[in-house]
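Worksheet: one structure, shown below.
Any value given below was found using the heavy atoms of this structure, including those in side chains, with hydrogens, waters and symmetry copies removed.
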Amino acid sequence: MHIPRTPLNRRAFLRGAGVTLTLPLLEAMQPVFGSQAKLSIPRRMVCIQTNMGILPQFFFPEQAGRDYAPSPYLERLKAHRDQITVFSGVSYPGVDGGHTAQKCFLTGTPHPARGGFRNGISLDQFAAEEVGNQTRHPSLVLAVTNENATMSFTRNGASIPSEQSPKKLFERLFLQGNAKEVASNVEALQRGRSLMDFVSDQSKRLGKTLSKNDQNRLDQYYTAVRELEQRLHSAQEWETKPKPAVAAKAPDEITDAKEFVRRTEQTFDVMKLALETDSTRVISLFIDTTVIHNITHHGNRPEVLGELRGHEERQFDALNGFLNAMRDTKEQDSNLLERTQVLYGTCMGSANSHSNVNLPVLLAGGGFKHGQHLAFDKVNNHPLTNLHVSMLQRIGIKAGEFSTGKSTMKGLEMV
């Protein structure tokens with residue numbers, strides 16, 4: 001393996017006309033002394049909540065353990081079965097109040113609907129306090145919503161505003177310079193130019209000094225950047241194109257909020273790049289599906305259940321795409337998914353009845369012994385905050401408890 005005489009700094013990046021493009025983890029970043037020396041690959045945490053519940057009959061497997069038959073929703077994630085643990089019979093002790101519980105998905109603070117409620121610190125911010133100083137962005141607080149919504153809170157219980165635009169997030173991560181340079185670059189990107197145009201000279205010089213493996217890694221990363229730029233640019237174009245005129249009577253209004261799955265996919269794309277470049281190691285994503293709130297009160301009507309199931313299946317397809325992208329991003333002898341724990345779940349055990357128990361939740365990746373369904377008591381639920389303790393310990397934080405969680409999650413072991 002070719003190793004340059006002077007190794008690349010772990011924070012190496014390319015610059016050009018106000019653009020800063022952070023490089024992914026490369027072999028050339030490991031020390032020159034000792035050919036067997038390995039650069040430490042960081043561990044990361046991603047927390048995702050969808051706020052209008054998940055139909056339990058299509059999520060939970062019937063069998064517990066490792067030999068469970070996948071449910072319809074889990075079937076859509078079957079490529080990652082060995083990297084997923086499914087939980088049932090879990091909830092947050094004392095967290096009630098129907099929809100108000102969404103603010104407690106990462107805090108576990110009891111009784112959010114009571115007067116004078118004060119939230120606690122969220123899991124992502126607890127982690128960011130410990131590991132956030134190692135990256136440019138201590139954490140990314142994101143949301144797919146048209147409202148001022150977040151699930152991240154400070155130690156004092158203050159809500160942290162979320163970034164809701166994948167395009168603005170992309171610019172925040174990869175455009176740096178004075179106001180004039182940034183404005184010029186944004187305009188250039190809107191005309192279809194790529195970040196790679198700005199850093200092409202440095203990119204070519206760098207490529208000549210790297211091993212074949214590193215060159216392939218860079219090509220993969222550059223391709224992901226270009227593809228994401230194209231998707232964001234295409235989405236913006238549709239917003240400005242005139243709609244066709246028709247003679248038919250206008251149907252019921254469909255607002256932009258119904259595009260939450262497509263917006264989620266775009267956000268996932270930027271999240272993957274942020275993790276790949278080690279721009280951050282902690283991300284929270286709140287997916288607001290309030291636009292389908294009315295059909296979550298389905299009353300078991302088959303036609304309404306079918307419509308709701310279709311929306312949720314597309315959400316799981318988006319999650320599967322995110323896990324695919326993470327798995328396909330290599331890091332030495334590992335990949336991004338194996339080093340990144342991805343929590344996915346909801347604050348509603350049943351949106352139809354506003355229940356906050358028996359929450360549908362899964363954990364993917366991150367270095368746990370997955371491939372199982374951990375089934376706990378459906379009447380006396382197991383504390384989901386115990387999972388938060390396990391997640392903190394896996395990212396390297398010495399925490400014996402978190403919120404109402406007083407131990408690690410039973411049955412979930414680290415690799």
Practice problem: Indicate yes or no: at least one non-hydrogen side-chain atom of L392 is less than 4.5 angstrom from one of E130. | Solution: no

Quiz item: Salt-bridged, D269 to K272, with N to O below 4.0 Å?
Solution: no

Self-check item: SB check K78 E75 (cutoff 4.0 Å)
Solution: yes

Exercise. Could you list the residues that satisfy ring pair (Phe, Tyr, Trp, His ring centres under 6.0 Å) with F322, not counting sequence neighbours?
Key: F268

Quiz item: Hey, does P112 have a side-chain heavy atom less than 4.5 Å from the side chain of D96?
Solution: yes

Quiz item: Taking side chain as C-beta onward, heavy atoms only, is L77 less than 4.5 Å from F316?
Solution: yes

Quiz item: Angle class for the H293/H354 ring planes (parallel below 30°, perpendicular above 60°, tilted otherwise)?
Solution: parallel

Quiz item: Counting only N and O atoms by type, is there a donor-acceptor contact under 3.5 Å from the side chain of R136 to the main-chain atoms of L173?
Solution: no

Quiz item: If you look at every heavy atom in P93 and P110, which pair is closest and at what distance?
Solution: O-CG, 3.7 Å

Quiz item: Hey, mind stepping through L123 and M45 against side-chain contact (heavy atoms from CB on, under 4.5 Å) and telling me if it holds?
Solution: CA-CA 10 Å; L123 174 67; M45 175 189 295; 3.9 Å; yes

Quiz item: N119 side chain to K103 main-chain N or O, any donor-acceptor pair under 3.5 Å?
Solution: yes

Quiz item: Counting distance only, does the side-chain N/O of S71 pair as donor-acceptor with the main-chain N or O of F58 below 3.5 Å?
Solution: yes

Quiz item: Hey, does the side chain of R339 reach the backbone of I41 with a donor-acceptor pair shorter than 3.5 angstrom?
Solution: yes

Self-check item: Heavy-atom pair with the smallest gap, counting every atom of G97 and N356
Solution: N-OD1, 3.3 Å

Self-check item: Expected output: side-chain R327 to main-chain N335 donor-acceptor under 3.5 Å
Solution: no

Quiz item: Do E331 and E338 have side-chain heavy atoms sitting under 4.5 Å apart?
Solution: no

Self-check item: Point-to-point distance, once rounded to the nearest 0.5 Å, from CZ of R314 to CZ of R262
Solution: 13.0 Å

Quiz prompt | Pairwise side-chain contact, Q102 with M151, heavy-atom cut-off 4.5 Å (strictly under) | solution = no

Practice problem: Verify side-chain contact (heavy atoms from CB on, under 4.5 Å) between L305 and Q57, making sure each step is shown before the conclusion. | Solution: CA-CA 11 Å; L305 278 171; Q57 63 268 44; 3.9 Å; yes

Exercise. For T135 and S279, work out which heavy atoms get closest and say how close.
Key: CB-O, 3.4 Å

Quiz item: At their closest point, which heavy atom of V342 faces which heavy atom of M326, and how far apart are they?
Solution: CG2-CE, 4.5 Å

Exercise. Write down the atom of S88, the atom of A375, and the distance for their closest heavy-atom approach.
Key: OG-CA, 3.3 Å

Quiz item: What distance separates L140 CG from S162 OG, expressed to the nearest 0.5 Å?
Solution: 11.5 Å

Exercise. Report the residues that fulfil ring pair (Phe, Tyr, Trp, His ring centres under 6.0 Å) with F153, sequence neighbours left out, ordered by chain and then residue number.
Key: none

Quiz item: Do we see a donor-acceptor contact under 3.5 Å between the side chains of T385 and S403?
Solution: no

Practice problem: Mark yes or no for whether Q372, through its side chain, and G411, through its backbone, hold a donor-acceptor pair below 3.5 Å. | Solution: yes

Quiz item: Residues in salt bridge (charged side-chain N to carboxylate O under 4.0 Å, His left out) with E163, at least two apart?
Solution: none

Self-check item: Pairs flagged by ring-ring contact (aromatic ring centres under 6.0 Å, His included) wherever residues 101-141 is involved - sequence neighbours left out
Solution: F126-F402

Practice problem: Measure the shortest side-chain to side-chain distance between F59 and L74 over non-hydrogen atoms and say whether it is less than 4.5 angstrom. | Solution: yes

Self-check item: Test item: N358 side-chain N/O and V90 main-chain N/O as donor-acceptor pair under 3.5 Å
Solution: no

Self-check item: G396 backbone acceptor or donor facing R43 side chain under 3.5 Å
Solution: no

Quiz item: Would N148 and Q164 count as a side-chain contact (heavy atoms from CB on, under 4.5 Å) if you check the C-alpha gap in whole Å, the side-chain angles of each, and the deciding distance to 0.1 Å?
Solution: CA-CA 9 Å; N148 295 322; Q164 302 170 16; 4.3 Å; yes

Practice problem: First locate atom CG of D328, then atom NZ of K330, and finally report the distance between them rounded to the nearest 0.5 Å. | Solution: 6.0 Å

Practice problem: Decide if atom CD of E62 counts as having more than 12 heavy atoms of other residues, nucleotides or ligands within a radius under 6.0 Å. | Solution: no

Practice problem: Ignoring hydrogens and angles, state whether a donor on the side chain of S355 or S353 is under 3.5 Å from an acceptor on the partner side chain. | Solution: no

Self-check item: Residue R114 excluded, over 12 heavy atoms near CZ under 6.0 Å
Solution: no

Quiz prompt | Partners passing ring pair (Phe, Tyr, Trp, His ring centres under 6.0 Å) against Y92 (at least two apart in sequence or in another chain) | solution = H388

Self-check item: Least distance between heavy atoms, T408 atom then S390 atom
Solution: CB-OG, 3.2 Å

Quiz item: Does R281 use its side chain to pair, donor to acceptor, with the backbone of T340 at less than 3.5 Å?
Solution: no

Quiz item: To the nearest 0.5 Å, how far apart are CG in L319 and CG in L362?
Solution: 6.5 Å

Exercise. Using salt bridge (charged side-chain N to carboxylate O under 4.0 Å, His left out) as the criterion, list what pairs up with D317, not counting sequence neighbours.
Key: R76

Self-check item: Non-hydrogen side-chain atoms of M391 and C47 separated by less than 4.5 Å
Solution: yes

Practice problem: Could you tell me whether a side-chain N or O of T109 sits under 3.5 Å from a main-chain N or O of G120, the two making a donor and an acceptor? | Solution: yes

Quiz prompt | Approximate separation, where rounding is to 0.5 Å, of L275 CG and L336 CG | solution = 5.5 Å

Quiz item: Taking atom types as modelled, is there a side-chain donor on T264 or Q315 under 3.5 Å from an acceptor on the other?
Solution: no

Quiz item: Can you name the one residue among E313, E312, H311 that meets side-chain hydrogen bond (donor to acceptor under 3.5 Å, both in side chains) with R309?
Solution: E313

Self-check item: No-hydrogen, no-angle side-chain donor-acceptor test under 3.5 Å, N51 and D288
Solution: yes

Practice problem: Measure up the H373 and Y68 rings against each other and bin them: parallel (under 30°), tilted (30 to 60°), perpendicular (over 60°). | Solution: perpendicular

Practice problem: Please lay out, stage by stage, how H80 and H370 fare under the test side-chain contact (heavy atoms from CB on, under 4.5 Å). | Solution: CA-CA 10 Å; H80 306 286; H370 288 300; over 6 Å; no

Self-check item: Exceeds 12 heavy-atom contacts within 6.0 angstrom, atom CG of D67
Solution: no

Quiz item: Between I395 and Q341, is any pair of side-chain heavy atoms under 4.5 Å apart?
Solution: yes

Quiz prompt | K406, NZ: over 12 other non-hydrogen atoms inside 6.0 angstrom | solution = yes

Quiz prompt | Any side-chain donor near an acceptor of the partner, S122 and D124, under 3.5 Å | solution = yes

Quiz item: If you measure from CG on L412 to CG on N386, what distance do you get to the nearest 0.5 Å?
Solution: 11.0 Å

